[in-house]
Protein chains: 2
Amino acid sequence: MKILIIEDDLSFQEILRSTLEQERYVVEVAPDYRTGLIKLSDYTYDCILLDINLPDGNGLNLLRELKEMKKTGSLIIISARDSIEDKVEGLDLGADDYLAKPFHLAELLSRIKSVMRRNNQGGEQYVSYGNVKVNPHTFEVWVGEAKVELSRKEFDFLLYFMQRPNRIVSKSMLAESIWGDHFDDVDNYDFIYAQIKNLRKRLTAWNASIEIASVYGMGYKLIEN
Amino acid sequence: MKILIIEDDLSFQEILRSTLEQERYVVEVAPDYRTGLIKLSDYTYDCILLDINLPDGNGLNLLRELKEMKKTGSLIIISARDSIEDKVEGLDLGADDYLAKPFHLAELLSRIKSVMRRNNQGGEQYVSYGNVKVNPHTFEVWVGEAKVELSRKEFDFLLYFMQRPNRIVSKSMLAESIWGDHFDDVDNYDFIYAQIKNLRKRLTAWNASIEIASVYGMGYKLIEN
DNA sequence: CTTCGATGATGAGGATTTTCATGGTTTTAG
DNA sequence: CTAAAACCATGAAAATCCTCATCATCGAAG
């Protein structure tokens, strides 16, 4: 699940980010209107946390633009002012929920979950890149129209890459995310090499339009070819 | 890691609990002084979150008693009043940190981590039950004086049980905790049966003084024999 | 341009994890 | 008390995962 935080208070942004990442969300941040809009046109997010008061414009405008772009995904408004007008206007413009600062982080987490649950009704959520499509809930994978099979760890790897297309993913990030706490600075990445090898074999066998490129000394990157 | 929350505001207690559980801590709660004291004499916790204002006594007294009991583990004071006197007195009495309400949950989480890290210096932390001792960080296990070997999943199971001695553990809890998100209401518990079987074989081979008892229709329970 | 150290890839083998088929227990209903 | 159903245990086979040894590739220094 991928979440975009649009929030100009950097320390608060950081608190949100670390909390959400601990919840295993994939998080990106934008400090202002402009950056937020760019990210939104480039990527698709499962949920957007939008602060109304931005340095370079009112968040409600961004909401209007989003509507025109016909982007899917949930949106929760975060606002310092608990004004009824803002709330009503925001919800009218298509926001899914409204949260006034200050709030408990647990409250935010439960709102995120409920909003995403609500929006998921009747339409499954997928992660797509190239001709590959992944359903994070059912662990199904399609290449083009054909459903394909892979093992659990292979799925974990693939999903992790699919959620970060075109970005460099370090081996320690992979290890951390796939093996979780069971991983304290190991100096041996053999099992990552092994999994990457297997996943690459799958991708070519499937005729997928994506591949895992090595970035020497840095890690790997999922690219379209 | 096991945490005890002593806090009378039940809704706040609940927020803390869910947050900490999402962080994979094992959480127990006590709504007042008396209950807290009972739990503390029965079990050992890695960290205690103590509210100063309790309905049946001042939390600082509990701190004094704890000191006499020579209990290990970290303690963080939570207080509605941000008074310097309380803070100084609390820290004098051996508290490891002091947090004034309201606070961000992310703040609490980082305090917990830093406090536990600090207290862990020079003395490893173990989970013990019967003649079995487990180090959650290094994944080492001892039975009596002898170090023993087991596989990763067996370790996961053992640790999960060791953190909840004498409590019934359901199969869905086990599945959830060991396989994480990769687990949506599966109707097949064969792999749990298999792991339990292997772990039991280990325990008897080691001459451990503990065993995994079945609780028909409920799950399993780690008991001393 | 060559060499060397560091980094990454690969096939094979062994260990672990999961599934499957079967049989034994416990509970409940009759 | 008996039978049926749900629940649990177990050995063996299959699938997956991780390690090891070896080889290939990359980048920096000379």
Side-chain angles (χ1 to χ4, degrees), chain A residues 138-141 148-161 168-206 211-223, chain B residues 138-141 148-161 168-206 211-223:
Chain A
T138 62
F139 309 111
E140 292 169 309
V141 178
V148 295
E149 298 294 328
L150 32 47
S151 79
R152 168 105 125 243
K153 285 273 186 279
E154 285 163 2
F155 179 88
D156 288 343
F157 266 75
L158 179 59
L159 179 59
Y160 194 80
F161 277 110
I168 294 178
V169 170
S170 74
K171 281 185 281 295
S172 57
M173 282 164 70
L174 278 172
E176 168 78 27
S177 95
I178 308 285
W179 282 273
D181 302 334
H182 282 286
F183 207 84
D184 278 353
D185 303 309
V186 168
D187 53 348
N188 181 323
Y189 290 116
D190 280 354
F191 43 79
I192 291 189
Y193 296 141
Q195 291 295 341
I196 291 285
K197 183 187 58 158
N198 293 338
L199 190 47
R200 280 174 169 161
K201 206 188 305 181
R202 298 269 193 208
L203 287 171
T204 58
W206 296 336
E211 66 177 292
I212 297 170
S214 299
V215 184
Y216 194 89
M218 307 254 97
Y220 297 94
K221 193 163 87 164
L222 187 69
I223 58 173
Chain B
T138 61
F139 308 110
E140 292 169 308
V141 177
V148 295
E149 298 295 327
L150 32 48
S151 78
R152 167 105 126 243
K153 284 275 187 279
E154 284 163 3
F155 179 89
D156 288 342
F157 265 77
L158 180 59
L159 179 59
Y160 194 81
F161 277 111
I168 294 178
V169 170
S170 74
K171 281 184 282 295
S172 56
M173 283 165 68
L174 277 173
E176 168 79 26
S177 95
I178 309 283
W179 283 273
D181 303 334
H182 282 285
F183 208 84
D184 278 353
D185 304 308
V186 167
D187 53 348
N188 180 325
Y189 290 115
D190 280 353
F191 41 79
I192 291 187
Y193 296 140
Q195 291 294 342
I196 291 284
K197 184 188 54 156
N198 292 336
L199 191 47
R200 280 173 169 162
K201 205 189 303 180
R202 298 268 193 208
L203 287 171
T204 57
W206 297 336
E211 67 177 288
I212 297 170
S214 300
V215 185
Y216 194 91
M218 306 256 97
Y220 298 93
K221 193 163 86 162
L222 187 68
I223 58 172

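Only a predicted model underlies this, so the values are computations on that prediction, with no experimental measurement involved. Chain letters run A, B, ... following the sequence lines, proteins first and then strands; every chain starts at 1.
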Distance in angstrom units between [X] [atom1] and [N] [atom2], rounded:
X      : N      : atom1 : atom2 : value
B/L174 : C/dT17 : CG    : C1'   : 16 Å
B/I196 : C/dT18 : CD1   : P     : 13 Å
B/D156 : C/dT16 : CG    : P     : 14 Å
A/F191 : C/dA9  : CZ    : C1'   : 16 Å
B/Q195 : C/dC20 : CD    : C1'   : 16 Å
B/N198 : C/dT19 : CG    : C1'   : 13 Å
B/F155 : C/dT16 : CZ    : C1'   : 16 Å
A/L199 : C/dT10 : CG    : P     : 12 Å

Would you name the heavy atoms of [X] and [Y] that are closest together and state the gap between them?
X      : Y      : value
B/L158 : B/L199 : N-CD2, 3.7 Å
B/K201 : B/T204 : O-OG1, 3.0 Å
A/A213 : A/I223 : CB-CD1, 3.9 Å

Using side-chain heavy atoms (C-beta onward) and a distance below 4.5 Å, is [X] in contact with [Y]?
X      : Y      : value
B/Y220 : B/I192 : yes
A/F161 : A/L174 : yes
A/L203 : A/W206 : yes
B/K171 : B/Y193 : yes

Do the charged groups of B/R202 and B/E154 touch, with an N to O distance under 4.0 Å?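 Yes, charged N to carboxylate O under 4.0 Å.
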Please confirm whether the shortest side-chain N or O distance from [X] to OP1 or OP2 of [N] is below 4.0 Å.
X      : N      : result
A/K201 : C/dT10 : no
A/Y220 : C/dA9  : yes
B/S151 : C/dA15 : no

Go through DNA chain D in 5' to 3' direction and return only the first and the last nucleotide with some atom under 4.0 Å of chain A's heavy atoms.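 First and last nucleotides in contact are D/dT16 to D/dG27.
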Would you mind classifying the nucleic acid contact of B/K197 as base, sugar-phosphate or nothing, using non-hydrogen atoms under 4.0 angstrom?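 It contacts base atoms.
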Toward the 5' end of DNA chain C, by each residue's nearest nucleotide, B/E154 or A/G219: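 Looking at the nearest nucleotide for each, A/G219 comes out on the 5' side.
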Where each residue is assigned the nucleotide of DNA chain C containing its nearest heavy atom, which of A/R200 and B/Y216 is assigned the position nearer the 5′ end?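 That would be A/R200.
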At how many degrees, to 10°, do the end axes of the helix from C/dC1-D/dG30 to C/dG30-D/dC1 meet when each uses five pairs?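 The angle separating the two end axes equals 30°.
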Check whether B/R200 reaches the backbone of B/I212 with its side chain - one donor and one acceptor, N or O, closer than 3.5 Å.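 Indeed, once roles are kept as given, a pair shorter than 3.5 Å links the two residues.
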Side chain to side chain contact (heavy atoms under 4.5 Å, CB included) between B/I178 and B/K153: does it pass, once the steps are laid out? CA-CA 8 Å; B/I178 309 283; B/K153 284 275 187 279; 3.8 Å; yes
Take A/D190 and A/L150, find for each the nucleotide of DNA chain D with the closest heavy atom, and name the residue whose nucleotide sits nearer the 5' end.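 Looking at DNA chain D, the more 5' nearest nucleotide goes with A/L150.
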